Protein chains: 2
Amino acid sequence: MNKKISIKKIAELSGVSVATVSRVINNNGRFSEETRKKVLKVIRENNYQTNNVAKSLRMHKSYTVGILVPDITNPFFSNTVQIIEKNLFEKGYSTIICNTARSRDKELEYVKILESKIVDGLIVISGFKTFDRKNLPDDLPVICIDRSPADSTIAFVGSDHYEGAVMATEFLLAETENLAIVKHDEQSSSGSERVRGFEETLFKEKVEKFGSLIVSNGSQNDQQKQIKKFLQDEMNGSKQPLGVFALSDTLAANILLVAHDLSIKVPKQLKIMGFDDSPIASYCSPQLTTIRQNEILLAKEASGKLIKLMNGENLARDEIVKKIPVQLIVRGTT
Amino acid sequence: MNKKISIKKIAELSGVSVATVSRVINNNGRFSEETRKKVLKVIRENNYQTNNVAKSLRMHKSYTVGILVPDITNPFFSNTVQIIEKNLFEKGYSTIICNTARSRDKELEYVKILESKIVDGLIVISGFKTFDRKNLPDDLPVICIDRSPADSTIAFVGSDHYEGAVMATEFLLAETENLAIVKHDEQSSSGSERVRGFEETLFKEKVEKFGSLIVSNGSQNDQQKQIKKFLQDEMNGSKQPLGVFALSDTLAANILLVAHDLSIKVPKQLKIMGFDDSPIASYCSPQLTTIRQNEILLAKEASGKLIKLMNGENLARDEIVKKIPVQLIVRGTT
DNA sequence: ACTGTCTGAGTAAACGTTTACGCAAGGAGG
DNA sequence: CCTCCTTGCGTAAACGTTTACTCAGACAGT
């Protein structure tokens, strides 16, 4: 923060009052063409820039929105955030990105800080189930993304994970009836939806038995060990190829690596389906078949809704919850 | 932004003046223990939060720093940014992350916005060569990262790309004298350093001939086509294995994929060295040998220096430019 | 010539803080 | 009892804007 030339100085230099300068700047109220030119000239010459802190204070509007993201290192999140940021920027808002590191405490702390910086709105990616209005000023516009909040008054946008899992499962099922699902340790709401899609599809298609592995969080090496054991058990003596639905691309990629290690032929003996279409999906060999989330649409919906709320409009009943369709990307592992 | 309870209200409710409330809040100036308790109680009961916009205005200090990043989707950047954000947060600063999308215009526009929001400092990742003080208030603390600015008065922190390339080249050279380098289209300062490290090492070791490919930006498929042609030419009739130094991990990963496609054995016939140790490096098969940048140290240096500057301290002469050592990670492709 | 409207522009309050300054009360020291 | 210091706290200015009021002068209509 530094000493800069203020509107007062500009007023002085152009021989008018601050009010007039303000009116010229915002093109608001009455002033003559002559003064306009004069003031603008002085502004240009002195490289004047509005002090938005003062403006925010006076106007009760900061043109800043906060965005809470659990881990900006995750490609899906960073992608989504990047697009949201771009959309909001085009509407004149800047974005404070806060990395909550999946910590409830940090999330709360950030909410406080953002609140005190008087953001005009908030986007929350993958907040905790417990995320609700209680800790927020009631009139602060909020949009949740990816993980739906317990508080159903908060608008929500997320991919249709259930439908994605159904598509994935149907696709695998067309190739083999010997299926397995591999999940992460911690379950998010999106994760559960994917599991539900898988299980319900099997139920519907009357496939009764399927393998299941929960990979506990750890180093890549750890995870591979767990997968190795599972794969060895699972592939043992089965005549049909195994089709595995991995709940994320990293999981899928690790499965693929282990398969190579065990000299299991992919996709002949083992078919792998990922989820997300993260960058690694394209750099595996063979490349991963996966379900792609539409980050562009997701971001568009989220930022559009937030803008709407910040403009004081209300969301229609059917706008509160929005499911974004996903897409099956068939590549080498199936 | 919304109507919230202000210090005035708190003063009223506790029967003291705003000045006293402020003094209690900031634990600054004189007040009795009794008033302290009383005021704090009212504050708690009414869930009062300081309005930091007003505070910033009055104090000329916003406890906010801006960070310009060319592409938050890039794992190296997002990692670095994430750590910087964490470091600054611990010191009480929040961070506005701005995605400049590698556009000079957007960069300038963001600088203006940040300036008008009166940030206390600025971190610029990979700005343009032309980035300099001219467009900035002279007393705004700035740190550049990764790509060194033309303006040598701006402090800079970056990996030792030159040394990394030397290590990479020496390592490849120990296995084969038949080398090639594969680079990206657009050259950054870090890219040039890597090239220089490669070439000077070859010169020093008296290796005179080496292959070279510039992959022009395009889809993954496009890039692979260019690589395929190059690899076919290069591998044709050579008895020695080919060692290629790819200037990034994505390049390396694509080379690996093409090699599989052409049934070239890695690392027997072809040895591949990447750069960055990005996530995909660990998900290739075999996993990429690569040079890892130390994002933690990088971020620590950058945020530390910025804090120092924001505290009004000066940087010692030898602190202006800081090179962070890199590390050779030997894995499956060599 | 009187009234009314319009135009251009200034005055001052307000946004929510922090803090320099001042002052009353109380106690200590002579 | 007078002086002086200390303590606790209030008053008011200041940070840089925006904007509701106000008002003088110009001009038009009667």
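These numbers come from a predicted model, not from an experiment. Chain naming here is simple, since letters A, B, ... match the order of the sequence lines and numbering starts at 1 in each.
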(request) Please determine, by modelled atom types, if Gln82(B) and Asn99(A) share a side-chain donor-acceptor pair under 3.5 angstrom. (result)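 Result is yes, a qualifying pair exists.
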
Of all residues at least two apart in sequence or in a different chain, which pass the side chain to side chain donor-acceptor pair (under 3.5 Å) check with [X]?
X: Asn79(B); answer: none
X: Ser159(B); answer: Gln293(B)
X: Tyr93(A); answer: Lys61(A)

(message) Any base atoms under 4.0 Å from Glu34(B), or only sugar-phosphate, or nothing? Heavy atoms, all strands.
(response)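 If one applies the 4.0 Å heavy-atom cut-off, Glu34(B) turns out to touch nothing in the nucleic acid.
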
(message) Report for the helix from dA1(C)-dT30(D) to dG30(C)-dC1(D): angle between first-end and last-end helix axes, five pairs each, rounded to 10 degrees.
(response)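 The end-segment axes of the helix from dA1(C)-dT30(D) to dG30(C)-dC1(D) are tilted 60° relative to each other.
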
(request) Select from Thr35(B) and Ala54(A) the residue whose nearest nucleotide in DNA chain D is closer to the 5' end of that strand. (result)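 Looking at the nearest nucleotide for each, Thr35(B) comes out on the 5' side.
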
(message) With nearest nucleotide decided by heavy atoms, which residue, Ile7(A) or Lys38(B), maps closer to the 5′ end of DNA chain D?
(response)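 Result of the comparison: Lys38(B).
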
Distance-only criterion, 3.5 Å: show the donor-acceptor pairs between side-chain atoms of residues 14-22 of chain A and protein atoms not counting sequence neighbours.
from: Ser14(A); atom 1: OG; to: Ile10(A); atom 2: O; distance (Å): 2.5
from: Ser17(A); atom 1: OG; to: Ala19(A); atom 2: N; distance (Å): 3.4
from: Ser17(A); atom 1: OG; to: Thr20(A); atom 2: N; distance (Å): 3.4
from: Ser17(A); atom 1: OG; to: Thr20(A); atom 2: OG1; distance (Å): 3.3
from: Ser22(A); atom 1: OG; to: Asn26(A); atom 2: ND2; distance (Å): 3.4

Restricting to ring-ring contact (aromatic ring centres under 6.0 Å, His included), what partner residues turn up for [X], sequence neighbours left out?
X: Phe76(A); value: none
X: Phe31(A); value: none
X: Tyr48(A); value: none
X: Phe89(A); value: Tyr110(B)

(message) Just the rounded figure in Å: distance from C1' of dT18(D) to CG of Leu57(A).
(response) 11 Å

(request) Using the salt bridge (charged side-chain N to carboxylate O under 4.0 Å, His left out) rule, collect all pairs that involve residues 298-316 of chain A, keeping only residues at least two apart or in two chains. (result) Glu301(A)-Lys305(A), Glu301(A)-Lys322(A), Lys308(A)-Glu319(A)

(message) Quick check for you: among dT11(C), dG16(C), dG16(D), whose closest atom lies nearest to any side-chain atom of His60(A)?
(response)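 Of the candidates, dG16(C) comes closest.
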
(request) Could you please name the option among dT17(C), dT17(D), dC9(D) that lies closest to any side-chain atom of Tyr48(A)? (result) dT17(D)

Report, one pair per line, the protein and nucleotides 24-27 of chain D atoms (nitrogen or oxygen only) whose separation is under 3.5 Å.
none

(request) If a protein heavy atom is under 4.0 Å from the base, mark B; if only from the sugar-phosphate, S; if neither, -; do that for nucleotides 19-27 of chain C going 5' to 3'. (result) BB-------

